[in-house]
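Here the structure comes first, spelled out in C-alpha cells, and everything after it is commentary.
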Amino acid sequence: MVLVDKKILSGGLAMISVGILLVFVFAEQPTGQAGMTEEEIIDLMIAEDENQAYQLLSGILIGIGFLLVLISFGARRKKGSAKRTEKKHAE
C-alpha cells in the first residue's frame, strides 16, 4: 500500500491545475499594429510585461504543485511508529 498524504496531494494538484489554467488564459501575446502613438506603444509594452509575469507565475505554480505531489508520497507516518522525544540531561 502506498502512503499518500491526501491534503498535500490535493493541494499540489490544485496548484498544477491553476497553473495550467493560467498558461491557457495568457497564452496569447498582446499584438501591436503599424502607426501606433507613443501612448499606445507604452500600453503595449506594459501589457507584454504583465503577460510575461503571469506566464512566469503559472510556471512557478506548476513547479511547486509538482513538488507537493512528489512530497505527498510517503509523507504520512506509518501507524505504530515511535515518536521522538528529547531527554534533557541534568548537568
Side-chain angles (χ1 to χ4, degrees):
M1 181 175 186
V2 178
L3 298 175
V4 178
D5 190 351
K6 293 179 183 176
K7 290 180 183 178
I8 297 175
L9 179 66
S10 62
L13 291 176
M15 290 179 81
I16 290 173
S17 62
V18 168
I20 291 173
L21 178 69
L22 285 176
V23 166
F24 287 124
V25 169
F26 296 107
E28 186 176 327
Q29 292 285 339
T31 57
Q33 51 189 339
M36 294 173 61
T37 64
E38 286 291 323
E39 187 175 319
E40 290 174 336
I41 292 172
I42 292 172
D43 290 340
L44 177 64
M45 292 172 73
I46 291 171
E48 286 175 347
D49 286 342
E50 287 177 354
N51 194 348
Q52 185 178 9
Y54 282 123
Q55 288 178 352
L56 180 65
L57 174 67
S58 66
I60 291 171
L61 279 174
I62 292 171
I64 292 175
F66 182 70
L67 286 176
L68 284 176
V69 169
L70 289 179
I71 289 170
S72 71
F73 291 100
R76 182 182 294 177
R77 289 188 179 188
K78 296 179 183 178
K79 291 183 179 180
S81 63
K83 292 184 179 180
R84 295 182 183 178
T85 57
E86 293 184 19
K87 295 181 181 179
K88 294 183 179 180
H89 296 289
E91 292 183 15

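Counting from 1, the numbers follow the sequence of the chain as shown. Just so it is clear, the values below take in all heavy atoms, side chains as well, and ignore hydrogens, waters and symmetry mates.
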Q. So which of I64, I8, L13 actually passes side-chain contact (heavy atoms from CB on, under 4.5 Å) with V69?
A.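 Among I64, I8, L13, the one meeting side-chain contact (heavy atoms from CB on, under 4.5 Å) with V69 is L13.
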Q: Decide yes or no for L44 and M36: does some side-chain heavy atom of the first lie under 4.5 Å from some side-chain heavy atom of the second?
A: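 In short, these two side chains touch, coming nearer than 4.5 Å.
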Rounded to the nearest 0.5 Å, how far apart are [atom1] of [X] and [atom2] of [Y]?
| X | Y | atom1 | atom2 | answer |
| --- | --- | --- | --- | --- |
| I42 | E39 | CD1 | CD | 7.5 Å |
| I62 | L67 | CD1 | CG | 12.5 Å |
| F66 | I16 | CZ | CD1 | 7.0 Å |
| Q33 | I41 | CD | CD1 | 10.5 Å |

Which atoms form the tightest heavy-atom contact between [X] and [Y], and what is the distance?
| X | Y | result |
| --- | --- | --- |
| L61 | G19 | CB-CA, 4.1 Å |
| S17 | A14 | OG-O, 2.8 Å |
| L68 | G11 | CD1-C, 4.5 Å |

(Q) Are more than 12 heavy atoms, taken from residues, nucleotides or ligands other than Q52, located less than 6.0 Å from that residue's CD atom? (A)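 Atom CD in Q52 is not packed in, count stays at 12 or less.
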(Q) Run the side chain to side chain contact (heavy atoms under 4.5 Å, CB included) test on L56 and I60 for me, step by step, so that the C-alpha distance in whole Å, both residues' side-chain angles and the decisive distance to 0.1 Å come before the verdict. (A) CA-CA 6 Å; L56 180 65; I60 291 171; 4.1 Å; yes
Tell me whether [Y] is reachable from [X] by hopping between hydrophobic residues (I, L, V, M, F, W, Y) whose side-chain heavy atoms are closer than 4.5 Å.
| X | Y | result |
| --- | --- | --- |
| I20 | L9 | yes |
| V25 | I46 | no |
| M45 | F26 | no |

